[in-house]
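In this chain, numbering begins with 1 at the start of the sequence shown. Below, each value reflects all heavy atoms present in this structure, side chains not excepted, and no hydrogens, waters or symmetry copies.
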Amino acid sequence: MLKHVGNRILGLGLRSPVTRGVLPRLYHERVVDHYNNPRNVGSFDKNDPTVGTGLVGAPACGDVMKLQIKVDEQTGKITDACFKTFGCGSAIASSSVATEWVKGRQMEEVLSIKNTEIAKHLSLPPVKLHCSMLAEDAIKAAVKDYEAKKAKFNGNAENASSEKAA
């Protein structure tokens with residue numbers, strides 16, 4: 001049932017567009033692929049110091065995106081990524097693409113991923129650009145969260161060692 005409704009939304013319904021007199025709005029095949037087979041769906045423990053979590057939303061359309069990264073503390077490289085998104089097919093596809101693109105890259109490198117690149121890759125129409133903006137914002141928020149955890153953890157470690165020395 002859910003797959004049927006999803007296919008109808010994506011313009012892959014069983015009814016002929018001619019019989020209804022209206023042409024369906026079709027998504028690009030990459031959007032459909034990432035919607036039907038999303039990559040890296042799931043979540044990590046947000047309390048893990050190697051995990052950064054970005055939670056962003058678009059009040060105008062109701063899309064909410066949580067993107068998490070797992071970082072190798074020694075190299076600063078993102079070893080894994082996952083997402084959970086409540087939203088349209090374009091939002092889910094943008095999240096899926098974002099997790100694929102951040103894996104194996106350095107933290108500084110993923111900050112250069114722009115929504116325009118995601119939108120171009122998925123051939124998103126102008127009305128769906130906010131979905132790729134959410135993905136960019138989620139990446140930045142996840143990196144910021146990880147860096148805040150790292151600073152807090154390092155600050156606590158320094159305080160504990162200075163207290164022992166005193």
Side-chain angles (χ1 to χ4, degrees), residues 2 6 10 27-124 128-166:
L2 184 60
L10 292 172
Y27 282 76
H28 190 274
E29 63 187 43
R30 286 192 198 107
V31 175
V32 175
D33 179 40
H34 279 276
Y35 175 79
N36 286 331
N37 307 298
R39 282 65 147 183
N40 310 306
V41 175
S43 61
F44 302 129
D45 178 9
K46 67 179 182 177
N47 297 318
D48 182 342
T50 66
V51 171
T53 302
L55 183 62
V56 296
C61 67
D63 291 348
V64 178
M65 186 180 294
K66 179 176 85 169
L67 187 139
Q68 293 181 298
I69 55 173
K70 188 171 276 204
V71 182
D72 181 327
E73 295 182 66
Q74 304 300 319
T75 64
K77 189 178 276 193
I78 297 171
T79 58
D80 204 359
C82 62
F83 78 94
K84 284 191 177 180
T85 296
F86 177 80
C88 65
S90 296
I92 292 167
S94 294
S95 305
S96 180
V97 166
T99 59
E100 285 191 319
W101 286 5
V102 300
K103 281 185 178 183
R105 293 170 100 176
Q106 293 292 328
M107 297 274 286
E108 304 79 33
E109 201 178 339
V110 300
L111 292 173
S112 69
I113 295 173
K114 299 293 177 212
N115 71 295
T116 52
E117 296 168 338
I118 296 169
K120 184 176 179 181
H121 177 75
L122 293 172
S123 299
L124 295 179
K128 292 295 185 177
L129 289 180
H130 67 279
C131 298
S132 61
M133 289 180 205
L134 278 179
E136 179 185 346
D137 292 344
I139 292 168
K140 289 178 179 177
V143 169
K144 185 177 179 179
D145 180 60
Y146 170 77
E147 289 174 342
K149 280 184 185 178
K150 187 176 174 184
K152 183 178 177 182
F153 182 76
N154 288 343
N156 288 342
E158 289 173 11
N159 288 342
S161 64
S162 64
E163 288 174 8
K164 286 181 183 178

Criterion side chain to side chain contact (heavy atoms under 4.5 Å, CB included) on K150 and V71, from CA distance to verdict: CA-CA 11 Å; K150 187 176 174 184; V71 182; over 6 Å; no
With [X], which residues qualify under side chain to side chain donor-acceptor pair (under 3.5 Å), at least two apart?
X	answer
K140	E136
D137	none
S132	none
S94	none

Taking only residues at least two apart or on different chains, which pairs with a member in [range] satisfy ring pair (Phe, Tyr, Trp, His ring centres under 6.0 Å)?
range	value
residues 94-113	W101-H121
residues 54-78	none
residues 59-88	none

Applying salt bridge (Lys or Arg N to Asp or Glu O under 4.0 Å), which residue pairs with at least one partner in residues 83-102 are found, sequence neighbours left out?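 Counting only pairs at least two positions apart or across chains, the salt bridge (Lys or Arg N to Asp or Glu O under 4.0 Å) contacts touching residues 83-102 are R39-E100.
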Suppose the criterion is salt bridge (Lys or Arg N to Asp or Glu O under 4.0 Å): which pairs have a residue in residues 51-66, not counting sequence neighbours?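 Qualifying pairs: none.
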Side chain to side chain contact (heavy atoms under 4.5 Å, CB included) involving D48 - partner list, sequence neighbours excluded: D45, T50, V51, K70
In chain order, what residues pass the side chain to side chain contact (heavy atoms under 4.5 Å, CB included) check against K128, with sequence neighbours excluded?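 By the side chain to side chain contact (heavy atoms under 4.5 Å, CB included) rule, K128 matches Y27, C88, S90, L124, P125, H130, C131.
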Could you list the donor-acceptor pairs under 3.5 angstrom formed by side chains in residues 112-120, with sequence neighbours left out?
from: S112; atom 1: OG; to: E109; atom 2: O; distance (Å): 2.6
from: E117; atom 1: OE1; to: K114; atom 2: N; distance (Å): 3.1

Within the side chain of S95, is there an N or O that forms a donor-acceptor pair under 3.5 Å with the backbone of A91?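 A pair under 3.5 Å: yes.
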Between the side chain of K149 and the main-chain N/O of K46, is any donor-acceptor distance below 3.5 Å?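 Such a contact is found between K149 side chain and K46 backbone.
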Which is it for T79 and K103 under the side chain to side chain contact (heavy atoms under 4.5 Å, CB included) test, yes or no, and what are the steps along the way? CA-CA 6 Å; T79 58; K103 281 185 178 183; over 6 Å; no
Closest heavy-atom pair and its distance - N40, S96: ND2-O, 4.5 Å
